[in-house]
Structures are given as C-alpha cells and as structure tokens.
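What follows is a structure written as structure tokens; I'll ask about it next.
Whatever order the structure lists them in is the order used to number ligands and atoms, beginning at 1. Computed from a predicted model, the values in this text were never measured in an experiment.
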Amino acid sequence: MSVHARLRHRLLAVAAALAAVALLLTALSARAGATGGGLKSLAEAKGIYFGTALTQGNLGVPALTAVAAAQFDMVTPGNEMKWDTTEPSDGSYDFAPGDQIVSYAQANGMRVRGHNLVWDSQLPSWVSSLPSAQVQSAMEGHITTEVTHYRGQVYSWDVVNEPFNDDGTLKQDVFFNAMGSGYIADALRTAHAADPGAKLYLNDYNIEGENAKSDAMYTLVRSLKAQGVPIDGVGFESHFILGQVPSTMAANLERFTALGVDVAVTELDDRIPLPATSADLAQQADDYAAVVQDCLAVSGCVGVSQWGVGDADSWIPGTFPGYGAATMFDSDYQPKPAYGAVVAALGGSATGPSASASASAPPSASGSPGAPAGGCQVADSVDAWNTGMTENITLTNTGATTLGAWSLVFTLGGGQAVSSTWNAAISPSTGQVTATNLSYNGTLAPGASASFGFQATQTGDFAAPASFSLGGVSCVG
Ligand code: G2I
C-alpha cells in the first residue's frame, strides 16, 4: 500500500470508529428516553433550573450519576450539610461530605442549594440540650462557620428549615424556646453577614397550597421584609401524595412573589400506594406536570428540584411503609411517564426515542406486530388549561398473546393539535391519529400496559381522545 493509500485507509478507519461511537451514543440516549439536553436544558430555556437531591452514597452509583449529570443543573445535598454532619460536637466541624457534593456539582456544571443551617431535626444532642442562654451563640457560630466555608460556592441556603407546625404556630424547638420567634431574623442576618451573595431561604412542607401553615409563612415573610431582614426566597418542599397537588399552588406561589421574594419547589416527590398501577403512573405524570406548570406560571419561581434521582434513592418507602415509586425514574433509572410529562410541560418532546422508533425495529415477540390478537383496554386522563392540554394514555393488552409492536388509532377533539409526545410517536397531529410504540415499549405481554402521552394546543375543545382501536378492533374504555 502506498503512503497515501495507507493514510486514507487510516482516516477511513478513524471516521468509521467515530460514526460507530456516535451511533452508540444516539442509541443510548434513545434507550434512556431522554431529550438531548435533559430536563436542565429545557428548564434553562424557560429561565428556571431543574435540580435533584444527592447524597454522598449516591455519588458511587454510576447509573444514578449518569442520569443526574444528564438531567439536572442544581444539586441539594440530601444530608451532608445538616448540623449533625457538619458540627457533630461543639466547635468541631466536618465539611468533607458536603465538600464532596459541591465538587461533584462543580465538575458537572451544576449549582448547589445549601441545605440546611437551622432545623430541629438531624440536630446533634449537644445543641438540643444546651442551656437557653447558650443557644444563640451556638446557632450564630454554626451559621457563620458553615456559610463562610461555602462562601461563593452555593446559590442559596435553606437558613431555617421547617419552622412551622401544620396549624401555623412556630415549633417550640430549642431555638424558639431560647430566643422566641426572633431566632429566624437572627439566623438570616447571621447568614447574610457570612455570604452576602447567597440567596437566603426559609423552607417548609405542606405550604404548597393556601392553608393555615402557608398563611403563617406568608405573614412571617411579610413581617421580615417589613423589618428589612435579608430574606430572598421561600422553598416549597412539595412532598405530595398521588392526586393531591393543591389546586391553589400557583396562586399561593404568586402571593409570595408579590412580597418580593423568589419561590422554588425544593423537594418534589409524589408517593403512590404500592404496587403502582399504570393508572397511578399516569396520574403521577399529571401531578408532576401540574407542579412544573405552576412554577412556570409564576415569574418569581426560579426552579424545581426533585428529592432524589430515582425510586431506589427515595426516602419515601422508609418513612411511609406501603408507599413508594415517588420520583420520575424507576429503580433502574429508566424514565417513567412523569418524566415525559415534565418534558412536555417544559415545552420539549422526547425526540430521542421517537427518532429511533422508525430506525430500529422493536424486538419481536410472538404475535404479529400491531395485531390485537384478543383485545385492548385504554385508560386516559386529560389536564387542560386555556390554550393547551396534556393527555396521558395507558394501553393494556387484554388479549392472550404477546404483542411485538402496537399502533393505537384514536381521534382528537376539534381544534386540538399534538405539539409534543412521550413514550410514543404520533401522526398526523390532528383529527384521526396513530400512536406507535417506540423501540423500548413495543412488547406487550398479555395483561401488560404501556403508558404514553402528548401535549396538544387547543382552541376551547378539551375533549379527551376517543374511538381507540388497535389493529381495527375497538378498545374497551
Ligand atoms: O424527610 C424528607 C426531607 C424533608 N425535608 C427536609 C429534608 O432534609 C428531608 O430529607 C431527609 C433525607 O432525605 C433522609 O435521608 O431527611 C431525613 C431525616 O429527617 C433523612 O433520613 C435520615 C435517616 O432518618 C437517618 O436514620 C439516617 O442516619 O438519613 C440519615 C442519613 O442517612
């Protein structure tokens, strides 16, 4: 071979290798069902962030960190910045676990929500048993040392965490008992002095809708603002139960922003009584979409964070026995319907899988592709607002044979036009349409279900899709 021919041969080999890598990466992202830039790039295009909680243990799980790095641009340490970790005994500090989370975040282009400085839980006993006269200096010393350590490295601090009882009274914890309600202003002023650049938050749960507890938080924030206390934001934890996202959430967030503070969804999850059915997962998709839509509807809502990456990492099963499946990713880090619904709510479409659906044939199982070989059942739910709607559909194979692929035909209401899809390809966008499985959800054993959905624009007709059929046979509603 001449020198030129050898060079050409080598270049071709390199080009072929690069093409193979590109193909592999495309296939991998399609399998993950992820949009190219993940939730974070869709969120950033809307002017918000999308975060997750991470613990030190999580950093050693490659499947978890792959999803975290691809999807999220904000990290909250799950436990590593809490008082019991950072100052387990008086004046002796350990920032190594928190530093590890911060390094991971920095290496992956993510910001950090510092969590948290003052809380009655995960509080070492040396603090809770201090004589009242020593509590203020212990609190101020802890805040000053920790905030100074992370100065310039955190986007925000949850300065006081969960100060309220559900009835709107302040918890009678060691801080309140020593200093009265003034401990909150004191904590905020102390944090501000240590890092004037960090956004300072109060964070709590069960304040997402309008109720006695959120009224109390509202009154507190209004009074802090009136006194010139440095407070920048309120965190709404958003630990929801399936189907119970409060309808007043957007209005509630809005009233806080009118006080001149940011708001954020800080610890989102949505717990399901186990085992989760496909209808539950469709409801969960609606719940997640509703929360994201509520944040997007409020101009001072700066971002949404989920509490943990996948169902395997969630605190829910340990704290609420019988409940789980609370996140957007299953225990193998595969996206659940809630993920697709959030993608759609953020204005994206799960293009990865759609693109690959036509390119790669679904794995063939017994039964001819698309033929019902028995029957089908469809459960659907629609969530409409003035100009749009989100629809989640669960198709169940009620026949006796396994389907190797499926194509579900149905009819949209007048004026509805599909703008984005998840877990299926849909065409055309109006009138009678066909939803076709993607590469990863074509196989449906008898009794098995596939959930998919779409977002549509509409002009006043909110009607759910109708006349479902599979292979020319009508499905049971
Ligand atoms: O409880 C859920 C969250 C509610 N809002 C504040 C968050 O900080 C809180 O997070 C959770 C962590 O996800 C859990 O991981 O806070 C729990 C404690 O209140 C954390 O659980 C604790 C366990 O209870 C301890 O037994 C364990 O030693 O985690 C500790 C560290 O793994």
**Asked** Are any of the N/O atoms in Trp119 less than 3.5 Å from those in ligand 1?
**Response** no

**Asked** Any protein heavy atom under 4.0 Å from atom 13 (O) of ligand 1?
**Response**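 Given the 4.0 Å limit, the answer for atom 13 (O) of ligand 1 is yes, a protein heavy atom qualifies.
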
**Request:** Record the part of Trp307 in heavy-atom contact with ligand 1 below 4.0 Å; permitted values are side chain, backbone, both and neither.
**Result:** side chain

**Candidates Thr394, Thr396, Asn392 - the one meeting side-chain hydrogen bond (donor to acceptor under 3.5 Å, both in side chains) with Ser451** =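 Of all the options given, the one that passes is Thr394.
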
**Prompt:** Mind checking whether Phe95 and His149 have ring centres under 6.0 Å apart?
**Reply:**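 That pair passes the under 6.0 Å test.
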
**Message:** Between Lys213 and Asp166, does any side-chain N to carboxylate O distance fall below 4.0 Å?
**Reply:**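 Salt bridge: yes.
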
**Message:** Yes or no, since that's all I need: does a protein heavy atom fall within a distance strictly under 4.0 Å of atom 8 (O) of ligand 1?
**Reply:** yes

**Prompt:** Taking distance alone, with no angle check, do Asn161 and ligand 1 share an N/O pair under 3.5 Å?
**Reply:** no

**Closest candidate by heavy atom, reference atom 16 (O) of ligand 1, pool Glu267, Glu237, Lys82** = Lys82

**Message:** Could you check whether any side-chain N or O of Asp167 sits under 3.5 Å from a backbone N or O of Thr169, counting only pairs where one atom can act as donor and the other as acceptor?
**Reply:**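 At least one qualifying donor-acceptor pair exists.
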
**Request:** Check each atom of ligand 1 against the heavy atoms of Glu162 and keep those under 4.0 Å away; list them by number with element.
**Result:**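 Listed by number with element: 4 (C), 5 (N), 6 (C).
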
**Asked** Nearest to atom 22 (C) of ligand 1, what protein heavy atom do you find, and at what distance?
**Response**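 Closest protein heavy atom to atom 22 (C) of ligand 1: Gln122 NE2, 3.9 Å.
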
**Message:** For Tyr183 and Phe176, I'd like to know if the aromatic rings sit close, meaning centre-to-centre distance below 6.0 Å.
**Reply:** no

**Request:** Check each atom of ligand 1 against the heavy atoms of His239 and keep those under 4.0 Å away; list them by number with element.
**Result:**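 So the atoms of ligand 1 that pass are 3 (C), 4 (C).
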
**Prompt:** Is there a donor-acceptor contact under 3.5 Å from the side chain of Glu80 to the main chain of Gln56?
**Reply:** yes

**Asked** Okay, side chain of Glu44, backbone of Leu42: is any donor-acceptor separation there less than 3.5 Å?
**Response** no

**Message:** With respect to Asn116, determine whether any N or O atom, backbone or side chain, lies less than 3.5 Å from an N or O atom of ligand 1.
**Reply:**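 No, there is no polar N/O contact under 3.5 Å.
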
**atom 25 (C) of ligand 1 touched by protein heavy atom at under 4.0 Å** = no

**Item:** side-chain hydrogen bond (donor to acceptor under 3.5 Å, both in side chains) assessment of Glu162 paired with Asn116
**Value:** CA-CA 10 Å; Glu162 303 176 358; Asn116 57 57; over 6 Å; no

**Prompt:** Would you say ligand 1 has an N or O under 3.5 Å from any N or O of Trp315?
**Reply:** no

**Message:** Closer than 3.5 angstrom, by distance alone: can the side chain of Tyr150 be matched with the main-chain N or O of Asp99 as a donor-acceptor pair?
**Reply:**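 A pair under 3.5 Å: yes.
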
**Request:** Just jot down the ligand 1 atoms closer than 4.0 angstrom to any heavy atom of Ser121, in number order.
**Result:** 19 (O)

**Message:** Centroid separation under 6.0 Å, is that true for the rings of Phe452 and Trp406?
**Reply:** yes

**Request:** Please check atom 31 (C) of ligand 1 for a protein heavy-atom neighbour under 4.0 Å.
**Result:** yes

**Request:** Write out the residue and atom name of the closest protein heavy atom to atom 29 (O) of ligand 1, then the distance separating them to 0.1 Å.
**Result:**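 The answer is Asn79 ND2, 3.7 Å.
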
